[in-house]
Number of protein chains: 2
Amino acid sequence: MTDEKNIEIAVVDDHSLFRKGLVNLIQQINPRFKVISEASHGQELIDQLQAGLKVDLVVLDLDMPRLDGHDTCKILKRNFSDLGILMLTMKDDETSLIRLLRAGVNGYLNKDVEPEELELALISIFENGFHYTDAMTGKLVNALKDPAEGKMPEINDQELKFIELAGTELTYKEIASKMNLSEKTIDGYRSRLFDKCEVKSRVGLVMFAVRNHLISIE
Amino acid sequence: MTDEKNIEIAVVDDHSLFRKGLVNLIQQINPRFKVISEASHGQELIDQLQAGLKVDLVVLDLDMPRLDGHDTCKILKRNFSDLGILMLTMKDDETSLIRLLRAGVNGYLNKDVEPEELELALISIFENGFHYTDAMTGKLVNALKDPAEGKMPEINDQELKFIELAGTELTYKEIASKMNLSEKTIDGYRSRLFDKCEVKSRVGLVMFAVRNHLISIE
DNA sequence: ATTCTTTAGGGGAAAATCCCCCTTTTTAAT
DNA sequence: ATTAAAAAGGGGGATTTTCCCCTAAAGAAT
């Protein structure tokens with residue numbers, strides 16, 4: 001590509017030595033990268049942005065005292081929705097990943113990756129709005145199969161159909177009619193699913209199903 | 001890479017013309033691909049495998065009469081766990097994707113992708129055990145987030161608190177106690193919210209609230 | 001004074017949940 | 001092959017919870 005635009009970046013990390021090193025590294029790995037601002041915690045960056053700072057991307061450390069990366073990200077996404085956010089972290093677990101994606105990060109890197117991966121992530125976020133790795137997707141897939149709530153119970157097709165209908169305003173009598181089964185059978189499904197999903201009410205079941213993407217909310 | 005091993009493939013689709021076309025296409029796009037078996041539904045493939053057929057990969061259509069792709073995948077993963085499964089589908093929604101990943105598909109493609117993407121998917125599954133696309137990961141990430149905003153009626157603080165608690169497994173009596181109000185007041189809130197949100201049941205109210213970002217699903 | 005909002009009460013029907021039971025089919029263990 | 005357990009579908013009936021209709025008082029706003 002010719003005539004490539006500079007990518008203006010802010011770096012936020014509470015450890016001064018690491019932050020300076022990261023700023024230097026970023027500017028060395030690609031001449032398009034211009035680090036035009038540094039901050040030692042999330043609130044400092046937010047103050048800068050509110051005072052008029054313009055950047056394309058933010059490289060944000062997750063573990064910081066005030067605000068941490070997660071909370072910073074949520075505020076940034078609410079107030080500067082076009083800002084690309086790359087989160088750096090030592091944490092490697094699925095739960096952290098999911099929390100960060102929910103907060104709206106555009107990319108997520110472990111601190112021990114090579115500089116080439118960092119370059120790739122920054123370019124990708126700038127150009128596509130996201131940076132996904134197979135490792136990350138694999139974690140999401142694993143999280144789907146074994147959710148935080150414990151082992152995902154086996155739900156068969158009839159049970160799934162019942163859950164979908166339980167998430168509507170149909171009474172169980174109406175659901176039975178729709179599924180061409182007796183109300184008693186529907187009650188049997190309800191009972192079995194309550195046990196499997198460890199819930200005790202229709203609302204509990206439906207919320208479990210939504211939380212675990214068994215049904216869609218549309 | 002030199003001395004590349006053939007990749008033996010089975011193709012399963014209930015529409016004969018499409019299946020034949022797909023077999024030809026697969027064998028044209030890469031000389032390593034050897035389609036050594038065809039089936040018109042899931043059960044037929046399972047019978048073949050149980051009769052001794054050996055393949056590396058299965059290209060499986062989702063919509064088939066007996067067994068469909070989803071059920072076939074579950075049985076295949078249980079009984080032939082090393083088999084790579086690439087699912088083809090016209091469905092594009094997050095919930096279907098999630099169901100398929102849970103069933104254990106190693107890759108997932110929309111039927112209207114280019115042959116190059118099909119080749120890449122087959123090679124990737126054979127060599128890495130999975131094929132992920134940014135589109136797919138984007139859907140997973142999107143599924144993690146709270147849903148898009150919709151039109152909201154006026155909801156005051158007490159009403160919002162009630163809705164949050166209505167989304168739990170507490171009975172209205174318990175909610176009344178928790179809010180230090182009488183059950184009759186809670187019933188008044190329920191009634192007023194049903195009118196405002198145009199619903200007629202607790203499940204309806206809670207689903208409306210989730211859909212419209214009034215409460216979160218965590 | 002009138003109207004709206006918040007809180008609360010009574011009564012009763014409909015719906016959900018639970019507990020006991022049964023039969024048939026399928027699956028897994030021996 | 002046989003047997004036992006689990007799954008699927010279903011019954012009767014009691015209790016609990018939800019939903020609906022009606023009413024009213026107190027306080028705030030117009």
Side-chain angles (χ1 to χ4, degrees), chain A residues 151-210 214-215, chain B residues 42-43 46-47 49-50 66-67 70-72 74-81 152-209 215:
Chain A
K151 192 78 176 159
M152 175 64 69
E154 284 287 324
I155 310 279
N156 69 36
D157 288 348
Q158 285 283 74
E159 288 171 337
L160 189 58
K161 185 68 194 168
F162 167 74
I163 294 173
E164 281 167 2
L165 294 171
T168 71
E169 299 208 81
L170 298 175
T171 64
Y172 287 149
K173 179 175 181 177
E174 287 160 343
I175 291 169
S177 177
K178 205 161 185 77
M179 292 179 78
N180 294 305
L181 298 168
S182 94
E183 295 173 47
K184 279 300 173 182
T185 301
I186 293 305
D187 194 35
Y189 288 359
R190 177 202 57 71
S191 182
R192 206 161 61 220
L193 286 163
F194 279 16
D195 288 343
K196 285 188 195 177
C197 302
E198 297 179 337
V199 297
K200 60 187 183 185
S201 67
R202 185 171 177 175
V203 165
L205 178 62
V206 167
M207 289 300 271
F208 177 92
V210 170
L214 292 174
I215 61 175
Chain B
Q43 191 59 51
I46 290 163
D47 294 340
L49 289 165
Q50 280 169 347
R66 175 203 174 216
L67 307 165
H70 179 256
D71 288 339
T72 305
K74 290 209 300 193
I75 293 168
L76 292 179
K77 280 294 166 182
R78 194 181 304 144
N79 296 303
F80 310 94
S81 57
M152 281 185 285
E154 286 288 319
I155 309 279
N156 69 38
D157 288 350
Q158 284 285 76
E159 287 170 336
L160 188 56
K161 184 68 192 168
F162 167 73
I163 294 173
E164 281 167 359
L165 295 171
T168 70
E169 297 208 81
L170 298 175
T171 63
Y172 288 150
K173 180 174 180 177
E174 286 161 343
I175 291 169
S177 178
K178 204 159 185 79
M179 294 180 76
N180 294 304
L181 298 169
S182 95
E183 293 173 51
K184 283 301 173 181
T185 302
I186 294 305
D187 197 34
Y189 288 0
R190 176 202 59 71
S191 182
R192 203 160 63 222
L193 286 164
F194 279 17
D195 289 343
K196 285 189 199 178
C197 303
E198 298 179 333
V199 297
K200 61 187 184 184
S201 68
R202 185 172 175 173
V203 165
L205 178 63
V206 167
M207 291 299 271
F208 177 92
I215 59 175

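A note on names: the letters A, B, ... follow the listed sequences, proteins ahead of strands, and every chain is numbered from 1.
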Rounded interatomic separation in angstrom, taking [atom1] from [X] and [atom2] from [N]:
X: B:D195; N: C:dT5; atom1: CG; atom2: C1'; value: 15 Å
X: A:F162; N: D:dG10; atom1: CZ; atom2: P; value: 14 Å
X: A:I186; N: D:dA8; atom1: CD1; atom2: P; value: 13 Å
X: A:I155; N: D:dA8; atom1: CD1; atom2: P; value: 11 Å
X: B:L160; N: C:dT6; atom1: CG; atom2: P; value: 13 Å
X: A:R192; N: C:dC19; atom1: CZ; atom2: P; value: 17 Å
X: A:L193; N: D:dG9; atom1: CG; atom2: P; value: 12 Å

N or O in side chain of [X] less than 4.0 angstrom from [N] OP1/OP2:
X: A:R190; N: C:dC18; answer: yes
X: A:N156; N: D:dA8; answer: yes
X: B:T185; N: C:dA8; answer: yes
X: A:Q158; N: D:dG9; answer: yes
X: A:Y189; N: D:dG10; answer: no
X: B:R202; N: D:dC19; answer: no

Under 4.5 Å between any side-chain heavy atoms of [X] and [Y], yes or no?
X: B:F80; Y: B:Q50; answer: yes
X: B:V206; Y: A:M207; answer: yes
X: B:F208; Y: B:I163; answer: no

**OP:** Over all heavy atoms of both residues, which pair between A:I175 and A:R202 is shortest? Give the atoms and the distance, please.
**Re:** CD1-NH2, 3.9 Å
Side-chain donor/acceptor of [X] to backbone N/O of [Y], under 3.5 Å:
X: B:T168; Y: B:L165; result: yes
X: B:E159; Y: B:N156; result: yes
X: A:K196; Y: A:E154; result: yes

Original post:
Can you tell me how far CD1 of B:I215 sits from CD1 of B:I155, rounded to the nearest 0.5 angstrom?
Top reply: 11.0 Å
As a test of reading the structure: which of [options] is closest to the side chain of [X], going by heavy atoms?
X: B:K200; options: C:dC18, C:dA16, D:dC20; answer: D:dC20
X: B:D187; options: D:dC20, D:dA8, C:dT7; answer: D:dC20
X: A:K184; options: C:dT7, C:dC19, D:dG9; answer: C:dC19

Protein-nucleotides 24-30 of chain D N/O pairs under 3.5 Å:
none

Subject >> Axial cation check for B:F194 ring with B:R190, 6.0 Å and 45° limits >> reply: yes
Subject >> Positions of residues 164-183 of chain A (non-hydrogen atom under 4.0 Å from DNA chain D), listed by number >> reply: A:L181, A:S182
Subject >> A:Y172 and A:E183: side chain donor to acceptor below 3.5 Å >> reply: no
**OP:** For A:S191, answer base if it contacts any base atom (sugar-phosphate contacts may also be present), sugar-phosphate if it contacts only those atoms, and nothing otherwise; contact means non-hydrogen atoms under 4.0 Å.
**Re:** nothing
